[in-house]
Amino acid sequence: MPIFKVNVKWGREKFEKVECNTDEPPELFKAQLFALSGVQPDRQKVMLKGAVLKEENWGTFKLKDGTTFLMMGTADELPKEPLQKTMFVEDMSDQQLATALNVPAGLENLGNTCYLNSTLQCFRSVPELRDSLKKFSGRINPSVVDIQPAESITSSIRDLFLQMDSTSQDVQPIMLLRLMHLAFPEFAERAENGALKQQDANECWIQLFRQLEDQLPAITAPAQEEGGSAVAAAAPSPRSSFMKQYFGGEFKCSLKCDESEEEPVKYSTEKFSQLSCFISQDVKYMHTGLKLKMKENIEKNSPTLKRNAVYTKTSVINRLPAYLTVQFVRFYYKEKESVNAKILKDVKFPMTFDAFDLCSEELQTRMTPIRGKFKIQDDKRAMEVSKAKAAGKKAPAEKEDVKYLPYNLEDDVGSNNSGYYTLQAVLTHQGRSSSSGHYVGWIHNKGEEWLKFDDDKVTPIFEEDILKLSGGGDWHCAYVLIYGPKRLIDDEGATSETNSDQPEKTAEEPEKMVE
């Protein structure tokens, strides 16, 4: 085999003893020169005694060891050193690994503590709550937690969330569980075998909510000058805490005596942190269950009739929070078995929820301008999809890097200014009693992607899996839902003009429902 050791002179450089096999095409020889010089083969001009080496064959070239070729050509610029040093997975810290893989941390079950884990994952899905907790400067003091639990429990939730943000490993909520047991002994009850008893996740939800409500201060919005620019002063908030701002709503109620026309109607307001979806034989949809609570008959003493009489209480929502919590009233107490039995009925809930028809006329009026902007944007999107379909193309993907308009009313931080919501967290129960079975958190991630938090097992799932949580069997049933505000893109094409003749969408119009 004719293999020679040749030299190649390239400018001021000289490559010695380069292997050259004349049985192989010249392009392989040029490939070697590329590796040595960085000059691409198609830019190389290789010559020997004035003759140029061709691509196809060696021609009349006569070689021997020590033959010197002359090469001409400019090398490509060498790749620059990356600004950020390449890091391998095995060299990453837990925090870097969590960021790179975008895998959120799960919570370890410490013995029938799935009720606590699922509740915490749902609360953690609210970014404004996480931010508020980061600013909280309280500290843990177990010695007084039985008397003043709010500061210690809020501090523990803050520390737990920060730990979960910094790792992809499972986290043990040991301190929070200990504080819960000290502050609320009912959560520390044990069965005959010594194991912790299962607890009602919604009772845990309410207790944690109260502690956060007591400690997290209200957020003040910057005041606005006449031209719209912010000034140093801050506008006072009508609500005393962060939780009341972002999770608290308000009913406007009227109480009318059905048995006396002379008795005047009484009006009042009531606060709420959850809407209750009552489940009866006729309830098939969440909206129907919510409306059952909005109009009810009660019996009380009538000052006009001097006896008990039937009253009709009618409630409408006069303030919508940014994050609307809905509890499905699935458990009722069975005296015979002394247990909180479960209603397994299939009750469908929407992935997008419109609360407009549950609101007072005053609130509906205030929400109408933003709803008009939503309609303009939705119509524009529908037209783009229709045009793409007609042209046989895919619908244009929604932009990810966009700016959004505020979702709250101008004078009410943490409110909802449109009545539109999107589902972002579901807490489910699997079993036949609130004191047994298993709780799981299901959290929206992005697009149609969700995450299932089954204690320390975190599994990516899709929207179709959420559609199976409406109940009707022994599978996971939705128990508590969090709806977040639907965001309006800050599109210069969207104007503030609205068509007052356009009717608002009512509950009878189709929404995207759980099948």
Side-chain angles (χ1 to χ4, degrees), residues 122-133 209 212 216 218-221 237-239 241-250 271-275 286-287 290 317-327 349-360 363-378 381 398-427 442-448 450 463 466 480-491 494 496 498 504-505 507 511-512:
C122 289
F123 275 137
R124 189 167 174 261
S125 73
V126 179
E128 293 87 348
L129 176 56
R130 296 199 305 271
D131 292 341
S132 182
L133 282 166
F209 183 94
L212 295 170
L216 297 181
I219 294 176
T220 55
S237 171
R239 280 153 192 88
S241 76
F242 170 88
M243 299 303 285
K244 288 181 179 178
Q245 284 179 316
Y246 284 83
F247 289 86
E250 183 177 284
K271 310 293 184 183
F272 69 84
S273 59
Q274 292 183 340
L275 291 182
M286 183 186 81
H287 192 277
L290 293 176
I317 298 175
N318 207 38
R319 198 255 182 189
L320 280 171
Y323 293 89
L324 185 66
T325 305
V326 179
Q327 183 226 353
F349 54 87
M351 300 300 291
T352 58
F353 176 56
D354 184 2
F356 185 82
D357 72 319
L358 302 179
C359 299
S360 65
L363 183 55
Q364 288 179 345
T365 300
R366 298 192 68 187
M367 294 192 299
T368 298
I370 295 297
R371 293 173 68 87
K373 291 184 179 182
F374 267 110
K375 186 178 186 309
I376 292 173
Q377 208 162 88
D378 291 345
R381 174 66 180 171
E398 295 186 6
K399 298 178 181 178
E400 294 185 2
D401 186 18
V402 296
K403 292 183 179 180
Y404 294 100
L405 293 173
Y407 55 74
N408 59 280
L409 296 167
E410 290 184 3
D411 59 348
D412 191 356
V413 176
S415 63
N416 182 302
N417 61 4
S418 68
Y420 293 128
Y421 290 93
T422 57
L423 186 65
Q424 76 171 50
V426 182
L427 189 155
W442 313 67
I443 310 300
H444 180 247
N445 189 21
K446 59 182 179 180
E448 294 191 357
W450 285 65
E463 188 175 287
I466 303 301
V480 184
L481 313 178
I482 292 182
Y483 283 94
K486 183 178 180 181
R487 305 304 303 273
L488 180 65
I489 297 174
D490 187 3
D491 187 352
S496 59
T498 59
E504 295 289 355
K505 182 168 71 67
E511 288 179 322
K512 189 174 183 181

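Below, all heavy atoms of this structure are taken into account, side chains as well, without hydrogens, waters or symmetry copies. Note that this is a predicted model, so its numbers are computed, not measured.
Taking each heavy atom of A425 and S125 in turn, the nearest pair found is CB-OG, 3.8 Å. Of all the heavy atoms in H287 and D357, the pair that sits closest is NE2-OD1, 3.0 Å. For the pair V413 and Y246, the tightest heavy-atom approach, listed with the atom from each and the gap, is CG1-OH, 3.6 Å. When every heavy atom of Y421 is checked against every heavy atom of P321, the shortest pair comes out as OH-O, 2.5 Å. Looking at every heavy atom in both residues, K373 comes nearest to L488 through CB-CD2, 3.6 Å.
Applying the side chain to side chain contact (heavy atoms under 4.5 Å, CB included) rule to S418 yields the partners I370, R371, F374, N416, Y420; only residues at least two apart in sequence or on another chain are considered. Under the rule for a side chain to side chain contact (heavy atoms under 4.5 Å, CB included), the partners of S360 that lie at least two apart in sequence or sit in another chain are V316, N318, E362, L363.
Side-chain contact between L129 and F242 is present, with heavy atoms from C-beta onward closer than 4.5 Å. Side-chain contact check for R130 versus V126: every heavy-atom pair is 4.5 Å or farther apart. No side-chain heavy atom of L320 sits less than 4.5 Å from a side-chain heavy atom of E250. Looking only at side-chain heavy atoms (C-beta outward), C359 and F356 stay at 4.5 Å or farther from each other. Using a 4.5 Å cut-off on side-chain heavy atoms (C-beta onward), F247 and F272 make no contact. Taking 4.5 Å as the limit, some side-chain heavy atom of S415 sits within range of a side-chain heavy atom of R319. At least one side-chain heavy atom of I489 sits under 4.5 Å from a side-chain heavy atom of Q377.
For the atom pair CD1 (I466) and CG (L423), the distance works out to 7.0 Å, reported to the nearest 0.5 Å. To the nearest 0.5 Å, atoms CG (L409) and CG (N417) are separated by 5.5 Å. To the nearest 0.5 Å, atoms OG (S132) and CG (L216) are separated by 4.0 Å. To the nearest 0.5 angstrom, F349 atom CZ is 6.0 Å from L481 atom CG. In this structure, NE2 on H444 lies 7.5 Å from OG1 on T422, to the nearest 0.5 angstrom. Interatomic distance, CZ of F209 versus CE of M243, reported as 4.5 Å (0.5 Å rounding).
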message: Test side-chain contact (heavy atoms from CB on, under 4.5 Å) on L133 and L212; report intermediate values, then the result.
response: CA-CA 9 Å; L133 282 166; L212 295 170; 3.9 Å; yes
message: Set out, in order, the CA-CA distance, both residues' side-chain angles and the distance that settles side-chain contact (heavy atoms from CB on, under 4.5 Å) for L358 and F353, then state yes or no.
response: CA-CA 11 Å; L358 302 179; F353 176 56; 4.0 Å; yes
field: Verdict with supporting geometry, R366 and D412, salt bridge (charged side-chain N to carboxylate O under 4.0 Å, His left out)
entry: CA-CA 12 Å; R366 298 192 68 187; D412 191 356; over 6 Å; no
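A donor-acceptor pair is defined here as one N or O able to donate and one able to accept, closer than 3.5 Å; no such pair exists between the side chain of Q327 and the backbone of L275.
Between E128 and Y323, the side chains place a donor N or O and an acceptor N or O closer than 3.5 Å (distance only, hydrogens not considered). Side-chain contact, T325 with Q274: no donor N or O sits under 3.5 Å from an acceptor N or O.
Look at K486 and D354 and you find no salt bridge, because none of the NZ, NE, NH1 or NH2 atoms lies under 4.0 Å from a carboxylate O.
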